[in-house]
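For reference, the structure is listed below as structure tokens.
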Amino acid sequence: MAWTREEMAQRAARELKNGFYVNLGIGIPTLVANFIPQGMKVTLQSENGMLGMGPFPYEDAVDPDLINAGKQTITELPQSSYFSSADSFAMIRGGHINLSILGGMQVSEGGDLANWMVPGKMIKGMGGAMDLVAGVQRVVVVMEHTEKSGESKFKPQCTLPLTGQGVVDLLITDLAVFEIDRAGGGVRLVELAKGTTLDEVQKKTEARYQVALAKA
Amino acid sequence: MDSKVYPDAASALAGTLSDGMTVMSGGFGLCGIPEKLIVALRDSGVRNLTVIGNNVGCDEHGMWLVLANGQIKKVLASYVGENKILEQLYMKGEIEIEFNPQGTLAERIRAGGAGIPAFYTRTGVGTAVAEGKEVRQFNGKNYVMETGLTADVSLVKAWKADTEGNLVYRKTARNFNPMIATAGRLTVAEVEVLVEPGQIDPDQIHTPGIYVDRIVVGKNYEKHIERLTTRPRAAAGVKS
């Protein structure tokens, strides 16, 4: 037993705080928008130049001039604003975005993230990922705990080319939640997914960590 | 002075193109791309282009047309997915791709247009992007030096222009267009609506006309949508 994609997104949504400006990556992170608690004000930033992303449009209200960073058609809200890519990344690089939730291929115990290329495969590019991890105040990575082969994706060092060095604050996998000290102070296992045991996490994790589960 | 307004995309590019030149083109994915000027660029037959933009079109659309016609030798972009021909050319070693983080690319273009030769950014520190570049410490943190970018010709898409070249963009079709407009030695803007000076509130102009040398009005926009996503009328939204 482990968390599903939706449950991982639900867990990531617990990192949201009232008033936050948040950038959500493609994949599981996009699902986090479905779990924003009622009554909490969260403004979603889309790095192609929008603050205040609205829901998908009705079929008869689709506008090709209004898309999110995943190229999906979206809508605006009364509080929305539009701006250039330079302004968008000024927000990101300048530390004005409170939280970024993004996917990963590998995370290291020092908070390094690899999520943009696999040597030998076609490189599609890093898009805005390197800017997001370098500039956003708090970075949460959501990813499967292991490769299909069973190999741990949470490692002492990433073996894939990095997206950022010492940039991840929190890692949420389908098995557990880890707090990472970017400054090199180590990793704390703070939560287990439903039906997951410490033993299973230990067997499937190459990175070193201290167990620091909250008392039930 | 002669009018900045040209009758069609081909005449708007006439005399501006030469083999081996650098062209910047606005847009994010296919949103806000100068689709008429791209077709005219393809039809011009100009070759060995270096193309700078966030993407290089996607299968059958946008800058893909110029790529598929064998006119591009080098690309500077942040993301090139959904583009099979680019993948094939790259795997065969027939095209050079320089990947830039999206924010670094936007800022390099902004800097180029603003006369700033280089700047330092946190983005890419400790990654392949920083290889071969100066890394310098400010306030105890490392930053990578990135250089400004300019182009021989910039192609941009705006929603509305007046005949002075003052531009207004629409929604997320703005994206890279405002910076690219500033970074071309010659900038051509294609627009959907052209009005007389005074018909755009000066306070609402996004790109002042000084950056725009030529203007063309496009018709019958394709505005291809890459990922059509909708919600049913009855259901609640996916986002607050």
Side-chain angles (χ1 to χ4, degrees), chain A residues 33-34 36 38 40-42 44 46-50 53-59 61-76 82-90 92-93 112 116-117 122-135 161-166, chain B residues 28-32 54-55 58 77-83 87 90-91 97 99-107 109-110 121-129 159 169-179 206 221-233 236-240:
Chain A
N34 300 338
I36 298 170
Q38 283 284 329
M40 182 184 283
K41 190 187 169 202
V42 170
L44 298 178
S46 191
E47 65 264 26
N48 55 319
M50 182 184 198
M53 260 198 287
F56 295 143
Y58 297 125
E59 208 169 327
V62 168
D63 184 342
D65 287 341
L66 182 44
I67 63 169
N68 63 20
K71 324 268 169 71
Q72 296 172 311
T73 46
I74 51 166
T75 55
E76 64 184 23
Y82 299 110
F83 34 83
S84 74
S85 301
D87 287 330
S88 179
F89 283 93
I92 290 166
R93 202 189 300 105
D112 299 350
W116 78 282
M117 74 171 277
M122 177 62 196
I123 307 165
K124 291 185 173 181
M126 67 290 279
M130 285 192 181
D131 308 280
L132 283 160
V133 299
L162 296 184
T163 305
Q165 201 173 43
Chain B
F28 181 93
L30 298 177
C31 182
N54 191 50
N55 320 87
C58 71
S78 88
Y79 183 80
V80 298
E82 296 83 45
N83 195 324
E87 192 165 330
Y90 184 67
M91 289 305 193
I97 307 179
F99 287 106
N100 282 236
Q102 196 174 131
T104 294
L105 183 63
E107 190 65 12
I109 297 168
R110 196 195 71 79
T121 175
R122 284 284 288 161
T123 304
V125 170
T127 77
V129 162
W159 169 57
Y169 307 96
R170 188 170 175 276
K171 302 185 189 278
T172 55
R174 188 182 317 189
N175 56 64
F176 277 75
N177 284 297
M179 296 81 73
H206 298 140
Y221 273 89
E222 180 192 0
K223 293 195 184 180
H224 184 79
I225 292 172
E226 286 183 71
R227 298 212 173 92
L228 179 65
T229 44
T230 59
R231 65 181 149 145
R233 279 266 172 213
V238 292
K239 287 166 188 163
S240 71

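Just so we're clear, the structure is a prediction, and the values are computed from it rather than from any experiment. Residue numbers begin at 1 in each chain, while the letters A, B, ... track the order of the sequences.
The candidate with the highest count of non-hydrogen atom pairs below 4.5 Å against chain B, out of A:A86, A:A134, A:S88, A:G135, is A:A86. Comparing A:M126, A:E59, A:M50, A:Q165 by how many heavy-atom pairs each has under 4.5 Å with chain B, the most go to A:M126. Put simply, of B:H224, B:R110, B:E107, the one with the most heavy-atom pairs under 4.5 Å next to chain A is B:E107.
In this structure, CG on A:N48 lies 9.0 Å from CG on B:N54, to the nearest 0.5 angstrom. Atoms CH2 and OG1, on A:W116 and B:T127 in that order, are 7.0 Å from each other to the nearest 0.5 Å. Note that the CD1 atom of B:I225 and the CG atom of A:D65 stand 9.5 Å from one another [nearest 0.5 Å]. To the nearest 0.5 Å, atom CZ of residue A:F83 and atom OG1 of residue B:T172 are 10.5 Å apart. To the nearest 0.5 Å, the span separating NZ on B:K171 from CD1 on A:I74 amounts to 10.0 Å. Atoms CZ and CZ, from B:R122 and A:R93 in turn, are 12.5 Å apart once rounded to the nearest 0.5 Å.
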Exercise for the section: Assess whether side chain to side chain contact (heavy atoms under 4.5 Å, CB included) is satisfied between A:I92 and B:Q102, documenting all intermediate values. Expected result: CA-CA 11 Å; A:I92 290 166; B:Q102 196 174 131; over 6 Å; no

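Relative to the six-membered ring of A:F56, B:R231 misses at least one condition, a distance below 6.0 Å or an angle of at most 45° to the axis.
Neither the backbone nor the side chain of A:A61 has a heavy atom closer than 4.5 Å to any heavy atom of chain B. A:P57 touches chain B through backbone and side chain together, each having a heavy atom under 4.5 Å away. Proximity to chain A involves both the backbone and the side chain of B:F176, based on heavy atoms less than 4.5 angstrom apart. Neither the backbone nor the side chain of A:Q38 comes within contact range of chain B; no heavy atom of the residue lies under 4.5 Å from a heavy atom of that chain.
Side-chain atoms of A:Y82 and B:H206, non-hydrogen and from C-beta on, never get closer than 4.5 Å to each other.
Taking both residues in full, the closest heavy atoms of B:G124 and A:M130 are given as CA-SD, 4.2 Å, listed atom of the first, atom of the second, then distance. Considering all non-hydrogen atoms of both residues, A:G70 and B:R227 come closest at O-NH1, 2.8 Å. Smallest separation of non-hydrogen atoms from A:D131 and B:T104: OD1-N, 3.3 Å. Nearest heavy atom pair, residue B:F99 against residue A:I123, reads CZ-O, 3.3 Å. Contact record, B:C31 with A:I67: CB-CD1, 3.4 Å, taken as the closest heavy-atom pair. When all heavy atoms of A:S84 and B:R174 are compared, the closest pair comes out as N-CD, 3.8 Å.
No donor-acceptor pair under 3.5 Å is formed between the side chain of A:T73 and the backbone N or O of B:L228.
Not a single salt bridge (charged side-chain N to carboxylate O under 4.0 Å, His left out) links A:K124 to another residue, sequence neighbours left out. Under the salt bridge (charged side-chain N to carboxylate O under 4.0 Å, His left out) criterion, A:D63 pairs with B:R170, sequence neighbours left out.
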